[in-house]
> 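Submitted below is the structure of interest, expressed as structure tokens.
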2 protein chains.
Amino acid sequence: MLRPANHEGATASAPVHPHFQDCLHCEHRHLRVFCNLTPEALEHYDRIGILMNFERGAKLFSEGDPVRNIYVICHGQVKISSVSRSGRALILKIAGPGDLMGLSAALANVPYEVSAEVIESCQVKVMRRQEFLDLLDQHGVASLRAAQALSSAYMTVFYDAKRLALSNSAAGRLARVLLDWGRAVSPGHAELRFTMTLTHEELANMAGISRETVTRLLSQFRRDQWLVVKGSSMTILQPDQLERLTV
Amino acid sequence: MLRPANHEGATASAPVHPHFQDCLHCEHRHLRVFCNLTPEALEHYDRIGILMNFERGAKLFSEGDPVRNIYVICHGQVKISSVSRSGRALILKIAGPGDLMGLSAALANVPYEVSAEVIESCQVKVMRRQEFLDLLDQHGVASLRAAQALSSAYMTVFYDAKRLALSNSAAGRLARVLLDWGRAVSPGHAELRFTMTLTHEELANMAGISRETVTRLLSQFRRDQWLVVKGSSMTILQPDQLERLTV
DNA sequence: GCGCCTTTGTGACGTGAATCACAAATCGGC
DNA sequence: GCCGATTTGTGATTCACGTCACAAAGGCGC
């Protein structure tokens with residue numbers, strides 16, 4: 001389904017990105033969930049779990065599976081999705097370095113609520129559920145960080161749900177997906193320029209609308225000069241116009 | 001908007017429900033968030049915050065306000081809602097005894113994401129944001145409970161969002177609202193019998209659909225013998241049929 | 001019991017977007 | 001550079017719901 005991200009042409013022989021040896025020296029440490037732990041807690045965190053590599057297409061876990069492990073992405077991209085009873089797919093996010101998977105399900109003591117599939121070869125830290133819970137148990141600060149991570153996850157879905165409930169406009173939904181994607185890639189710019197590695201089908205699954213509607217809306221946005229598409233590179237010229245479509 | 005819940009005819013003079021003196025002896029303690037704290041943590045929890053009474057119509061806080069306090073409902077009902085830019089309202093839940101309000105916003109360090117309005121006179125424990133955060137800081141077990149509360153809040157919105165994104169069927173949305181409401185009131189019964197204190201307008205705001213559609217769907221459900229309405233009492237005869245409408 | 005106000009019930013109508021069905025373009029492998 | 005597979009573009013059709021408009025039915029105060 002997905003084209004490989006084109007900046008990732010290099011594969012086995014020469015990894016474009018150095019892989020990590022341990023969590024103490026991880027470059028993502030300072031901006032992610034388990035930054036700011038006390039030294040003891042961090043040391044404990046570093047001690048548990050194992051680092052594993054996964055290839056594109058690998059499934060880390062599937063929706064409905066009992067939670068055996070908690071995952072932290074060190075490097076690469078993972079597609080987080082969920083499927084309705086009728087078989088329609090919803091892509092919730094593309095998780096990247098520093099993202100934690102399985103936390104909410106582990107704490108709520110329910111099966112995974114989503115599926116995770118590798119879309120760009122990954123290095124992942126895998127912790128057994130119990131050893132992760134022990135970490136939280138023994139270090140209050142780790143629990144606190146977990147709670148904070150959960151609040152922001154909650155906020156994200158909350159606003160998603162609100163948008164979905166109150167605005168059914170397909171244009172608004174697509175606009176949101178594009179803006180979020182663009183902002184994540186090129187933050188803080190007036191013009192958002194990025195490589196659109198997703199197909200229309202996948203954009204549709206992220207916005208919860210149909211493939212054809214995505215095609216139609218994109219060409220409409222182009223007609224209105226709100227964005228430019230050149231090959232797989234997309235530039236959002238007028239983010240504020242797209243923003244206005246959002247409820 | 002809301003008719004007063006009819007089991008709450010008694011007002012000022014003779015409270016139908018005894019109010020609570022402290023958190024150590026609260027009858028909801030065993031089934032709610034801060035059950036299972038260590039004795040020290042529980043004692044600390046009991047020590048902070050103050051108990052306050054609010055009348056119907058009182059606003060505890062509004063969406064967008066900076067988080068000053070965290071609230072725990074001891075008794076009564078609070079309407080949790082959010083409004084879109086275009087002014088459409090979305091009622092997220094009717095919170096009751098044991099429910100915690102403001103946790104996610106406090107931890108994510110953002111303004112309240114929802115508004116809270118009393119719809120049935122309430123006794124509420126109000127904690128200053130900072131004293132609550134201190135509690136979490138000092139008692140790992142409290143952080144852990146908070147994290148657990150957040151995971152289940154997250155799970156709830158997650159499934160809401162999923163339903164909203166994948167099924168736009170008005171019938172499915174309304175069915176979900178009715179089932180959730182009924183199950184909360186008369187749990188574990190094949191037939192769900194309860195007092196529908198909400199108007200069609202409010203049901204519409206909970207399901208994110210229009211008032212007229214609620215009216216039409218309800219009479220359709222009645223025609224299909226899935227439920228019976230008699231005055232303000234509603235009985236869901238065939239919950240599984242309604243369940244099937246849910247994606 | 002009489003009005004007033006809120007809530008409920010129903011018809012008519014318009015429309016946004018899903019669905020179906022192809023054609024055109026593009027990609028990827030050999 | 002050619003060929004099959006995937007992705008994209010576009011029209012025609014359909015339908016579920018929102019919106020508008022108004023009538024009927026309850027409540028409730030006095």
> Assess whether one donor atom and one acceptor atom, taken from the side chain of B:Glu212 and the base of D:dC17, lie less than 3.5 Å apart.
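A donor-acceptor contact between them is absent.
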> Over its full length, what angle do the end axes of the helix from C:dG1-D:dC30 to C:dC30-D:dG1 make, each axis taken from five pairs and the result rounded to 10 degrees?
50°
> Counting side-chain heavy atoms from CB outward, which of C:dA17, C:dG9, D:dT10 is closest to A:Ala170?
C:dA17
> Remember a base hit wins even if backbone is also touched, and classify B:Arg88 as base, sugar-phosphate or nothing at under 4.0 Å, heavy atoms.
nothing
> Using 4.0 Å as the upper bound for N to carboxylate O, is an ion pair formed by B:Glu243 and B:Arg176?
yes
> With a non-hydrogen cut-off below 4.0 angstrom, is A:Ser210 in contact with a base, only sugar-phosphate, or nothing?
base
> Roughly how many Å is it from CG in A:Leu166 to P in D:dC17, rounded to a whole number?
17 Å
> Just checking A:Arg222: base, sugar-phosphate only, or nothing, at a heavy-atom cut-off of under 4.0 Å?
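Sugar-phosphate only.
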> Between C1' on C:dT6 and CG on B:Leu198, what's the gap in Å once rounded to a whole number?
16 Å
> On DNA chain C, compare the nucleotides closest to A:Ile209 and A:Gly231; which residue's is nearer the 5' end?
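Final value for this comparison: A:Ile209.
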> Going by heavy atoms in the side chains, are B:Trp181 and B:Met196 under 4.5 Å from each other?
yes
> Among A:Leu192, A:Val228, A:Leu178, A:Leu198, which residue satisfies the side-chain contact (heavy atoms from CB on, under 4.5 Å) criterion with A:Met234?
A:Leu178
> Expressed as a whole number of angstroms, how long is the span from B:Glu202:CD to C:dT8:C1'?
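Roughly 14 Å, once rounded to whole Å.
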> Counting only side-chain heavy atoms from C-beta out, which of C:dA21, D:dC17, D:dA21 sits nearest to B:Thr213?
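Nearest to the side-chain atoms of B:Thr213, counting from C-beta on, is D:dC17.
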> D:dA16 C1' sits how many Å from B:Leu174 CG, rounded?
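Atom CG in B:Leu174 sits about 15 Å away from atom C1' in D:dA16.
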> Can you measure B:Glu201 atom CD to C:dG9 atom C1' for me and round it to whole angstrom units?
15 Å
> Got A:Thr197 and A:Ser232 here, is their nearest side-chain heavy-atom distance under 4.5 Å?
no
> Rounded to whole angstrom units, what separation is found between the CG atom of A:Asn205 and the C1' atom of C:dA18?
14 Å
> Taking only residues two or more places apart in sequence or in another chain, which ones pass salt bridge (charged side-chain N to carboxylate O under 4.0 Å, His left out) with A:Arg211?
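Residues passing salt bridge (charged side-chain N to carboxylate O under 4.0 Å, His left out) with A:Arg211: none at all.
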> Could you check whether any side-chain heavy atom of A:Leu227 comes within less than 4.5 Å of a side-chain heavy atom of A:Arg222, counting everything from C-beta outward?
yes
> Taking NZ from A:Lys230 and P from C:dT26, how many angstroms apart are they, rounded to a whole number?
14 Å
> Take the protein atom CZ of A:Arg173 and the nucleotide atom P of C:dA17, then report the distance between them rounded to whole Å.
9 Å
> Can you check whether B:Leu92 reaches B:Ser82 side chain to side chain, under 4.5 Å on heavy atoms?
yes
> What's the closest nucleotide to the A:Arg216 side chain, out of C:dA21, C:dT10, D:dA12?
D:dA12
> Are B:Phe61 and B:Val114 close enough that some pair of their side-chain heavy atoms sits under 4.5 Å apart?
yes
> Describe the nucleic acid contact of A:Leu218 in one word from base, sugar-phosphate, nothing, applying a heavy-atom distance below 4.0 Å.
nothing
> If you pin A:Arg211 and B:His200 to their nearest nucleotides in DNA chain C, which one's is more 5'?
B:His200
